[in-house]
Structures are given as C-alpha cells and as structure tokens.
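Note that the structure is predicted; figures quoted are calculated from it, not measured.
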Amino acid sequence: MITVPDLVVAVGPALFEIVVAGQGDGEVRDVFLADPQEASTGQPGDLVLGFGLGSPEEAVELVERCAVGNASGIILRTTLAQDPAVMAHADKRRLTLVALQPSVTWAHVVWLLRGVIDRAAAPDSPTAGDAGVHQELFALADAAAAIVDAPVTIEDNQSRVLAYSSLHDVSDTDPTRVSTIVGRRVPAEVIAHFRARGIFRRLARSSEPFLVPDGPNGIRPRLVVPVRAGGEWLGSIWAVVDGPVSAEVTTELSNAASVLALHMLRLRAQADVARRSAIDRLRTVLRQFSPDTPLDVRLPPAPWRVVALGSPAAYDVPQELDLWESTGRRHGWSEPQLADLDGTVLAVVSDGDGPGSWRWLRKLVIDLAKDFPGTTAAAGGRARGAADLPSSRAEAVELLGLVRRELAPGPALRVEQAWHVLTVHRAVTSLDTTKLDGPLATLLRHDIEHDTAFVDTLQAWLNYPGQPQQAARELHLHTNTLRHRMKRIGEIARLDLSSPRERLALQLQIAAVRTEH
C-alpha cells in the first residue's frame with residue numbers, strides 16, 4: 001500500500017509538492033486520466049492527472065468532480081495548484097492536491113507514478129529485476145522519438161505498452177496515444193479499427209516499416225515498425241507522425257527495432273523466470289502450508305477456493321497451464337493464480353464476484369465446454385485461510401476425477417453440490433474388493449460359475465426400492481421374471497433386505513466391484 005504523501009516522497013520533491021494535504025492517508029492504486037465529459041472523475045484509490053486545463057475555473061471544476069468520485073488525490077500544474085480558489089475548493093473537499101513542476105512532461109509523470117505504484121503493490125515481486133530492462137526500453141523509445149521527431153510507443157504483440165517516449169508532451173500527440181499510455185494497452189476500439197485495416201496481419205507477416213493513415217476520433221497517422229527476432233514477431237514501434245517520413249529515418253528506425261528485439265527477448269526471458277517462480281511458490285502453498293510460514297504469493301482477498309481444471313485430451317499439462325493462463329487473461333483475469341501439481345492444473349479463485357472468482361470461472365468453463373468438450377472445472381471447499389488451501393485442493397482434484405468419469409455432473413461443479421457423490425466414492429474406494437465376504441461374494445461366484453446375472457439383478461432392485469416395475473425396465477425384464485430372480489437370489493445367499501444397513505453395505509460393495517471393472 002502507498003499513500004499520496006508516500007508517493008510524493010518516493011518520486012521526489014523536485015517534481016511534486018503537496019499543496020493541500022486533504023485526506024492523504026488513502027491508498028493509491030492507479031493513476032487516472034481526467035475525462036471532461038463525465039460528472040465524476042476517478043474513484044477511491046485513483047490519483048487523477050489534471051492535464052490540459054487552461055484556467056483556474058477548469059481546475060476548480062475538476063476538483064469538484066474528483067471529490068464526487070472520492071478520488072485519492074489530484075495532480076495539477078504548479079500555477080493552477082497554487083491558485084487560491086483551487087486550493088480553497090480542495091481544502092473544503094478535503095482532497096489532496098499535488099503541484100507538478102512545469103518542466104516535467106505528463107508522459108514522464110505517468111511512467112514514474114506507474115513504476116512506484118507497481119513496486120509498492122508487490123515489493124517482493126520476482127520481477128523487480130526487470131527494472132533495468134524496462135528503463136532501457138524507455139531509453140530506446142526516447143531514442144526512436146529523437147530519430148523520427150515524433151512521440152513513440154513500444155508495444156508487444158498483444159498491444160500492451162512496454163515503454164513510451166517522454167520527449168514530447170501530451171499536446172504533441174492524439175487522444176489515442178494518451179489513452180494507450182494511461183491504460184498501458186491500446187484501447188479496444190482502436191485495436192478493432194487497426195485490425196479491420198489489416199494492420200496486425202501485416203505486422204505478423206512482414207519486417208518492413210509502413211505508414212498507417214489517419215483514422216476516426218482524431219487518430220493521427222502512424223509510422224509502424226515491426227520488431228522481429230529469428231522470424232518471430234515480438235512487437236512493434238509506433239510513431240505518431242504527420243505523414244510519410246524519409247527513407248533515412250525509416251532505415252534508422254529499423255536499426256533501432258533490431259536492438260529493441262534483443263531487449264524484448266531479455267524481458268520475456270525474465271518474465272518466464274518470474275512466472276516459474278510464482279508457480280513454484282503457489283505449488284508449495286497448495287501442497288502443504290504451515291500457519292508459521294509467511295504467505296509469499298499474491299492472492300485475492302479471502303475466502304478462496306482451489307479449482308482443478310481440465311482441458312480437451314489433446315493437451316499435456318504444460319500446454320494446459322499456458323492455455324488456462326491465456327484464456328483467463330483474455331477474459332479479464334489480470335493476474336491468474338495458476339499452478340500445476342501432480343499432473344493437474346489448479347487455480348486459486350476468490351469466493352466473490354468478478355474476474356478471478358468461482359462464479360466467473362464457472363460461467364467461463366460452461367461457455368468454453370460448448371465448443372471444446374472436455375473443458376471442466378471442479379471447485380474444492382471454501383478456504384478461509386491459507387492453511388485451508390491444501391484440503392480445498394485435495395477436494396477439487398478428487399471431484400475433477402469424478403466429473404471426468406461422468407460420476408458427477410459437469411462441466412463445472414463445486415464440492416457442496418456433490419457431497420453425496422463424494423461420500424459414496426470415498427466409502428467405495430476404501431473397500432478391498434479382493435477380500436469381499438458375505439452374500440455378494442456368494443452371488444459373484446455363482447454368476448461366474450453359472451453365467452447368471454444375479455448381481456445386476458440385486459443392484460437394480462436396490463437402486464429402485466419398492467419399485468419392481470422400474471427395476472425390471474432397467475434390466476429389460478418382465479416384472480414376474482425379476483421377482484423370480486430375487487427369490488432365487490434369496491435361496492443362494494442369505495439376505496435381509498429389510499435391514500437398511502445391509503442394503504447400504506450391499507450397494508457399497510457392488511459399487512466397489514463395478515469401479516474395479
């Protein structure tokens with residue numbers, strides 16, 4: 001957790017100054033781009049960036065909208081932040097007001113704040129070593145911007161922003177680039193526009209830079225340079241330009257893309273190491289957790305459930321893990337908590353609502369199973385603390401096995417819905433079928449020696465107590481034939497079917513024998 005005062009201290013007083021303290025003890029979780037069209041701006045945990053304001057009146061209006069949205073604070077240029085009217089409204093609303101020095105670009109501010117907030121959210125994150133690579137990417141973005149004399153973003157092949165140039169202010173670009181930087185990925189509607197024009201198809205197939213013409217909603221032209229290594233498309237450089245650029249500039253940007261490819265490969269390698277480390281730590285917690293051991297994995301707020309996941313038979317376990325991670329992210333789960341353990345892919349989900357919850361995952365699995373049969377999910381019992389996770393995991397794995405064998409209804413089921421199936425299964429699997437005694441053993445020997453079907457007959461009779469017609473239909477027999485067989489069974493083996501315990505014992509023994517076969 002980090003507060004606005006802590007954030008200002010972390011970035012440094014040379015850039016920021018708190019003008020109005022307000023309620024500065026609230027947590028800052030993100031930076032937010034002010035939208036002049038909305039009645040409220042931001043929400044609890046948001047630090048609002050008030051760029052593009054031309055007068056104290058506009059600043060006062062933004063302060064009021066931030067107060068309505070309960071934002072954690074607001075950043076304005078020094079001249080506006082120190083205006084008496086703006087300060088008075090911020091003080092009245094108890095909103096923390098921060099002044100930004102005029103020499104700093106807004107793009108640079110977003111970069112700095114994002115870095116501090118992310119590190120505060122995960123101070124022990126294994127990706128902390130990536131900082132050097134990220135700084136180099138930003139330096140490359142600035143270098144590319146200097147080459148083309150235009151704002152630049154560096155994106156991966158999923159349209160996620162890895163770095164951007166800080167040499168040009170927001171006024172030098174268009175709303176799409178601003179939204180891309182603040183949201184750390186290209187907006188969905190912009191991606192749809194570029195995809196419709198075949199931009200991503202061209203990026204995936206070609207190494208040659210090309211110009212993208214202007215588009216709707218103020219999208220300016222862009223020079224796009226694919227970034228490839230060994231034929232693999234890693235990402236791209238996007239420069240906001242006014243029109244075609246010279247061949248010399250294009251060549252220099254292509255050279256920069258070659259250098260960038262090495263950095264992106266290094267970043268991916270570090271991300272793979274971090275991912276493996278996170279999976280290993282989650283495995284440890286799911287296998288056995290001691291209350292004395294600190295929880296070193298990032299989980300949503302408790303309570304949790306452990307979910308065992310199944311995929312179509314064509315996938316092996318590593319592929320399943322990758323598949324579920326990419327599927328979760330694609331459907332809004334920003335930080336999937338996944339690991340493979342003893343041949344099963346496991347997820348830790350919250351017991352609430354929204355992406356990453358059991359309700360959300362259940363609906364996703366049901367939808368996926370319509371097109372990909374074999375997609376299954378079984379949720380263990382509720383874990384109120386980390387010590388409960390191993391037992392929830394064991395229940396989930398056990399239940400997934402029953403769903404796969406069609407002994408429990410799928411494709412998505414939680415343990416509370418299948419308690420009776422689990423109870424019978426546990427009782428059945430505890431029986432040693434090599435040491436059966438009593439009337440069932442006698443009937444099994446008789447069936448083998450005389451080619452009869454008395455065990456099947458007894459099973460149907462027990463499954464439909466007091467319903468001989470239904471039991472006969474199950475066996476495709478006449479009711480009188482069924483009654484005759486039951487009489488013969490009573491002559492061969494000593495049975496007391498009026499005893500509830502004896503009926504239950506016989507049903508469990510029969511289920512155990514059927515499970516073996």
Residues 404-415 vs side-chain hydrogen bond (donor to acceptor under 3.5 Å, both in side chains), sequence neighbours excluded, gives R414-E416
Keeping the roles fixed (side chain from S165, backbone from V152), state whether a donor-acceptor pair exists under 3.5 Å. yes
Any donor-acceptor pair under 3.5 Å linking the side chain of Q509 with the backbone of L506? no
List the residues meeting side-chain contact (heavy atoms from CB on, under 4.5 Å) with L323, not counting sequence neighbours, and say none if there are none. S311, Y315, T327
Looking only at atom types and distance, does a side-chain atom of Q337 sit under 3.5 Å from a main-chain N or O of L299, one as donor and one as acceptor? no
By salt bridge (Lys or Arg N to Asp or Glu O under 4.0 Å) - contacts of E398 (at least two apart): R426
Crowding at CZ, R362 (>12 non-hydrogen neighbours, <6.0 Å): no
With sequence neighbours excluded, tell me which residues meet ring-ring contact (aromatic ring centres under 6.0 Å, His included) with H446. H450, F454
Would you call the rings of F200 and F194 parallel, tilted or perpendicular, taking 30° and 60° as the class edges? perpendicular
Hits for side-chain contact (heavy atoms from CB on, under 4.5 Å) against D451, two or more places apart or cross-chain, chain-then-number order -> none
Looking at L462, V428, L443, which hits side-chain contact (heavy atoms from CB on, under 4.5 Å) with I510? L462
So, using side chain to side chain donor-acceptor pair (under 3.5 Å) as the criterion, who are the partners of N463 when residues are at least two apart? none
Does T429 use its side chain to pair, donor to acceptor, with the backbone of H425 at less than 3.5 Å? yes
Please list, one pair per line, the donor and acceptor atoms closer than 3.5 Å that link side chains of residues 371-386 to other protein atoms, with sequence neighbours excluded.
{"residue": "T375", "atom": "OG1", "partner": "F372", "partner atom": "O", "Å": "2.8"}
{"residue": "R382", "atom": "NE", "partner": "D351", "partner atom": "OD2", "Å": "2.7"}
{"residue": "R382", "atom": "NH2", "partner": "D351", "partner atom": "OD2", "Å": "2.8"}

Set of ring-ring contact (aromatic ring centres under 6.0 Å, His included) partners for W333, sequence neighbours left out: W360
Applying ring-ring contact (aromatic ring centres under 6.0 Å, His included) to W461 and not counting sequence neighbours gives none
Those residues at least two apart in sequence (or on a different chain) that pass side-chain contact (heavy atoms from CB on, under 4.5 Å) with A453 are D456, R485
Check the pair R65 / V48 against side chain to side chain contact (heavy atoms under 4.5 Å, CB included), numbers first and verdict last. CA-CA 10 Å; R65 289 193 284 124; V48 177; over 6 Å; no
Verdict with reasoning, V397 to L341, per side chain to side chain contact (heavy atoms under 4.5 Å, CB included): CA-CA 10 Å; V397 172; L341 182 60; over 6 Å; no
Determine whether a donor-acceptor pair (N or O, by modelled atom type, separation under 3.5 Å) exists between the side chain of R283 and the backbone of D340. yes
For R205, the side-chain contact (heavy atoms from CB on, under 4.5 Å) test, sequence neighbours excluded, returns R201
Minimum heavy-atom distance between I74 and L47, given as atom pair plus value: N-CD1, 3.8 Å
Could I get the full list of side chain to side chain donor-acceptor pair (under 3.5 Å) partners for D46, not counting sequence neighbours? none
Would you say the side chain of R329 lies within less than 4.5 Å of the side chain of Q158, judging by non-hydrogen atoms? no
Side-chain donor or acceptor of S392 paired with backbone N/O of V306 under 3.5 Å: yes
L282 and L346: side chain to side chain contact (heavy atoms under 4.5 Å, CB included), yes or no, with the steps? CA-CA 10 Å; L282 186 57; L346 302 165; over 6 Å; no
Could you pull out the closest heavy-atom pair between R228 and A204, with the gap in Å? NH2-O, 3.0 Å
